[in-house]
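Index from 1, following the sequence.
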Amino acid sequence: SPRNAKGLARAPRLRAARATGRRAFYQGRSPGQASPAVAATPAVAAAPVVADPASMLKDKWGIEVASLRMSGNGHLIDFRYRVLDPAKAALLGDRRYAPSMIDQATGTKLVVPNTPKLGPLRQSATRLVAGKIYFMLFANSGLLVKSGSKVTIVIGDFRVENLTVQ
């Protein structure tokens with residue numbers, strides 16, 4: 001039989017105890033706890049039905065997100081959306097509201113840059129057209145938002161959360 005450093009024989013009980021402890025660990029119980037003969041199934045409440053974010057955008061705001069991507073070597077984030085219902089989506093094209101993007105991990109707020117010659121780097125229209133894709137570019141100075149980041153876009157009352165930057 002195998003012996004330890006002091007020359008004492010290892011007890012078979014020690015090996016059995018270790019095996020029992022491992023089994024208990026993987027079964028989610030403490031080693032001293034008896035294994036259940038019959039696992040009782042707890043009553044599970046029905047999960048609340050959560051509306052699909054894409055269908056919520058279509059129903060409430062009349063748009064669908066076409067893309068959210070890094071651009072300009074990471075210094076810009078390009079948000080594109082398709083207008084499905086121009087009346088519901090009118091807020092997104094309104095120049096009175098300044099759009100912002102918030103990184104959910106850090107709370108960093110990105111804005112649409114306003115250049116002297118071009119003006120704000122976003123499409124705005126008095127009348128949006130159904131089926132057309134519009135864009136907004138957000139300045140990512142300092143490269144704080146990266147590909148894979150979860151962001152929230154806010155424009156007036158419009159707010160869409162948990163968008164992933166590609």
Residue pair Tyr134 / Val83, side-chain heavy-atom distance below 4.5 Å
yes
Over 60° means perpendicular and under 30° means parallel, so tell me whether Phe158 and Trp61 are parallel, tilted or perpendicular.
perpendicular
Quick check: do Phe79 and Ile153 have side-chain heavy atoms less than 4.5 Å from each other?
yes
How close do Asp59 and Lys88 get, counting heavy atoms only, and between which atoms?
O-NZ, 2.7 Å
To check you understand the geometry: which heavy-atom pair defines the closest contact between Gly93 and Arg122, and what is its length?
C-NH2, 4.0 Å
Please give me the minimum heavy-atom distance between Met136 and Ile155, naming the atom from each residue.
CE-CD1, 3.2 Å
Any donor-acceptor N/O pair, Thr106 side chain to Thr108 backbone, under 3.5 Å
yes
Closest heavy-atom pair, Ala89 versus Gly62, reported as atoms and distance to 0.1 Å, is CB-O, 4.1 Å
Kindly indicate whether the side chain of Val112, heavy atoms from C-beta on, has any atom under 4.5 Å from the side chain of Leu137.
no
State, to 0.1 Å, how close Val165 and Arg69 come at their nearest heavy-atom pair, and which atoms those are.
CG1-C, 4.4 Å
State whether a side-chain donor-acceptor pair under 3.5 Å links Ser67 with Arg80.
no
Any side-chain donor-acceptor pair under 3.5 Å between Ser147 and Gln166?
no
